[in-house]
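Just so you know, these numbers use all the heavy atoms, side chains as well, and skip hydrogens, waters and symmetry mates. In this text the structure is predicted, and so the values were computed from the model without any measurement. Starting from 1, each residue takes its place in the sequence as its number.
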Amino acid sequence: MTTNKKAFINNYEAVSCAGLNAEQLFASICEKKDCITIDNTYVQDREVAIGKIKSDKTFNELLLETVLKVLKSSTLNNFENTLLIVGSSVGGMNETERVFFKDSSYKNIDYRKHPIDAIAYLLKEEFSFYDDISFSTACTSSANALGYAKEVISKGIYKNVLVVGVDALSYTTVCGFSALSVLSSKPCTPFEKNREGMNVAEAIAVLLIQDEKVASSSVEVCGVGYSSDAHHMTQPHPEGYGAAKAMQNAISDAKIEKEKIFYINAHGTGTMANDSSELNAISSLFDTSKPYVSSTKTFTGHTLGAAGAIEAIISTMALQKQIIPPSKDIKEVEREDVLFSNEVLNKKFSYVLSNSFAFGGNNTSILLGLNDDN
């Protein structure tokens, strides 16, 4: 099948602890706001830092509202000819926990609202989609959803794809990462030499991908790269072989020179294993050219299955605004051969890599572009 159609991010919206919309999110990053909160309710006898959305509305209300905003801002009247692709790590687990803790019983749990496709189930009650598919590949879930969106658009199978990256906080996930001893008791500091760990967070990120751009500021999904190094169940290869392969595959898919990559929105969780591995991958791949690197998880926390989508939105806005998002609280870097900045940088650039890496060595890199040719 011929693969010659381009895929463009034309509309997007996001909700996270860093803001109730995408503009608030990007402003929080540029202003280096403190968005992570300290919590003592999720993990017994321990305080951990988490990224919790601050709103009087329920998570599902925010999800439906965010999707509606994207529809209203688009050229579409409805989603009847649109493929829905959901990327989520925990699906409806928070709803299951809510019912279980309220009733002290599993008997009233609605099985349709628990699995990964519970998100699609909810959205299809409110909107009509042509079809839907759900991805659950841990922290690459919505990055893989974006990759699949590019694939079906490039092959001419769909003209419109709605990608929804979503994960709500749940006791299961927070306590699970606590059991792995990777949680921080303070806001995470990715790539800081003395970093403590990660912050589990929640977010909703919605992107409308189409085969035609609707504005000069539309950003193209130029390339997608995957790899699976299968080094360990939960830790990446220490040399970052899989991460480097995913980035190289995205660059090859986009058919550009790696020297054109000006900024990398890193996976950067704040754990010792991830950050060290990712730095090794970036350093080895970009041995001559040196793109700027930052992790926006210091503002959003690690939104798990939503990370790929929300960081694609951040990367899209970075291109549109020609701003390199800053790092925060990096006092001593682990590697001197990788470029960081604790301040906002106004630069002229056309290409960004956004990394998402998951358990099992499951790696995805998305290459986004904004140029006169797209």
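In terms of hydrophobic clustering, with Ile, Leu, Val, Met, Phe, Trp and Tyr side chains grouped at heavy-atom distances under 4.5 Å, I261 and F191 are assigned to a common cluster. Under the 4.5 Å side-chain contact rule for hydrophobic residues, V182 and L304 share a cluster. Connection of I157 to V224 is established within a shared hydrophobic cluster, with ILVMFWY side chains joined at heavy-atom distances below 4.5 Å, either directly or through further cluster members.
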* To do: Could you walk me through whether K328 and T189 pass the side chain to side chain contact (heavy atoms under 4.5 Å, CB included) test, one step at a time?
  => CA-CA 7 Å; K328 187 183 179 193; T189 54; over 6 Å; no
* Begin from the C-alpha positions of S105 and D103 and carry the test side chain to side chain donor-acceptor pair (under 3.5 Å) through to its verdict. => CA-CA 5 Å; S105 169; D103 298 344; over 6 Å; no
* Stepwise, does the side chain to side chain contact (heavy atoms under 4.5 Å, CB included) test hold for F286 with I264? -> CA-CA 11 Å; F286 296 93; I264 299 175; 3.6 Å; yes
* Evaluate the side chain to side chain donor-acceptor pair (under 3.5 Å) criterion for residues S28 and Q24: first the C-alpha distance (whole Å), next the side-chain angles of each, then the deciding distance (0.1 Å), finally the verdict. => CA-CA 6 Å; S28 293; Q24 286 182 8; over 6 Å; no
* Test L68 against F127 for side chain to side chain contact (heavy atoms under 4.5 Å, CB included), laying out the working first. => CA-CA 9 Å; L68 182 59; F127 306 96; 4.1 Å; yes
* Asked: Stepwise, does the side chain to side chain contact (heavy atoms under 4.5 Å, CB included) test hold for S350 with L370?
  -> CA-CA 5 Å; S350 299; L370 178 68; 5.7 Å; no
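More than 12 heavy atoms of other residues, nucleotides or ligands sit less than 6.0 Å from atom CZ of F349. The number of heavy-atom neighbours closer than 6.0 Å to CG of N78, taken from other residues, nucleotides and ligands shown, is above 12. Other residues, nucleotides and ligands contribute at most 12 non-hydrogen atoms within 6.0 Å of the CD atom of E212. The environment of CD in E336 is sparse: at most 12 heavy-atom neighbours from other residues, nucleotides or ligands sit within 6.0 Å. Atom OH of Y111 has 12 or fewer heavy atoms from other residues, nucleotides or ligands within 6.0 Å. Counting heavy-atom neighbours within 6.0 Å of K258 NZ, excluding the residue itself, gives a total above 12. With a 6.0 Å radius and a threshold of 12 heavy atoms from other residues, nucleotides or ligands, K69 has its NZ atom above the threshold.
Using a 3.5 Å distance cut-off with no hydrogens or angles, the side chains of E47 and N40 do not pair a donor with an acceptor. Between the side chains of E196 and S185, at least one donor N or O lies within less than 3.5 Å of an accepting N or O. No side-chain donor from either of T58 and N60 sits under 3.5 Å from a side-chain acceptor of the other. A donor-acceptor contact closer than 3.5 angstrom is absent between the side chains of S315 and Y263. Between the side chains of N362 and T140, at least one donor-acceptor pair of N or O atoms lies under 3.5 Å. For the residue pair T300 / T303, no side-chain donor-acceptor distance below 3.5 Å is found, with atom types taken as modelled. H114 and T96 share a donor-acceptor pair across their side chains, judged by distance under 3.5 Å alone.
The heavy-atom pair separating I36 from C17 by the smallest distance is CD1-SG, 4.0 Å. Across S184 and N199, no two heavy atoms sit closer than the pair CB-ND2, 3.8 Å. Taking each heavy atom of S356 and H267 in turn, the nearest pair found is CA-ND1, 3.7 Å. Heavy-atom minimum distance, P236 versus A273: CG-O, 3.8 Å. Closest approach of S365 to L353, counting heavy atoms only: CB-CD2, 4.2 Å. Scanning all heavy atoms of the two residues, the minimum distance from A306 to A205 falls at O-CB, 4.5 Å.
Ring-centre distance between F262 and Y292: below the 6.0 Å cut-off.
Paired with P190 under the rule side chain to side chain contact (heavy atoms under 4.5 Å, CB included), one option of T269, D329, V293, T298 passes, and it is T298. Across I153, L76, V161, L162, a single residue satisfies side chain to side chain contact (heavy atoms under 4.5 Å, CB included) together with Q210, and that is L76. Each of I313, V221, L208 was evaluated against I9; a single residue qualifies, V221, per the side chain to side chain contact (heavy atoms under 4.5 Å, CB included) test.
Within the 3.5 Å criterion, the main-chain N or O of I53 finds a donor-acceptor partner in the side chain of E202. Checked by atom type and distance alone, the side chain of K297 never pairs as donor or acceptor with a backbone atom of M198 at under 3.5 Å. Between the side chain of E332 and the backbone N or O of K193, no donor-acceptor pair lies under 3.5 Å. One N or O on the side chain of N10 and one on the backbone of V214 form a donor-acceptor pair closer than 3.5 Å. A donor-acceptor pair under 3.5 Å is absent between the side-chain atoms of N81 and the main chain of K159, judged by distance alone. The backbone N or O of N21 sits nowhere less than 3.5 Å from a side-chain atom of E13 that would complete a donor-acceptor pair. Side chain of N249 to backbone of Y226: a donor-acceptor contact under 3.5 angstrom is found. Distance alone, capped at 3.5 Å, is enough to place a donor-acceptor pair between the D275 side chain and the G270 backbone.
Contact check for S327 versus F340: side-chain heavy atoms found under the 4.5 Å cut-off. When side chains are defined from C-beta on, I310 counts as touching L25, because their heavy atoms get closer than 4.5 Å. Using a 4.5 Å heavy-atom threshold, the side chains of I314 and P325 count as touching. Residues K54 and T37 have side chains in contact (heavy-atom distance under 4.5 Å, counting atoms from C-beta outward). A heavy-atom distance below 4.5 Å is found between the side chains of T296 and E311. In this structure the side chain of V344 reaches within 4.5 angstrom of the side chain of P326, judged on heavy atoms. With contacts defined as side-chain heavy-atom distances shorter than 4.5 Å, the pair K348/Q322 qualifies. Between L62 and S55, some side-chain heavy-atom pair lies under the 4.5 Å cut-off.
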Which atom pairs, one a donor and one an acceptor, fall under 3.5 Å between side chains of residues 163-176 and the rest of the protein, sequence neighbours left out?
residue : atom : partner : partner atom : Å
D167    : OD1  : S88     : OG           : 2.8
D167    : OD1  : S89     : N            : 3.2
D167    : OD1  : V90     : N            : 3.0
D167    : OD2  : S89     : N            : 2.9
D167    : OD2  : G305    : N            : 2.7
S170    : OG   : T173    : N            : 3.3
S170    : OG   : T173    : OG1          : 3.0
T172    : OG1  : E97     : OE2          : 2.5
T173    : OG1  : S170    : O            : 3.0

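Between D132 and K124 there is a salt bridge, with a side-chain nitrogen of the basic residue lying less than 4.0 Å from a carboxylate oxygen of the acidic one. Taking a cutoff of 4.0 Å between a charged side-chain nitrogen and a carboxylate oxygen, R195 and E192 do not qualify as a salt bridge. Between E23 and K321, at least one side-chain N (NZ, or NE/NH1/NH2) sits under 4.0 Å from a carboxylate O, which counts as a salt bridge.
By the 30° and 60° cut-offs, the orientation of the rings of F359 relative to F177 is tilted.
Residues that satisfy the salt bridge (Lys or Arg N to Asp or Glu O under 4.0 Å) test with E95, not counting sequence neighbours, are R98.
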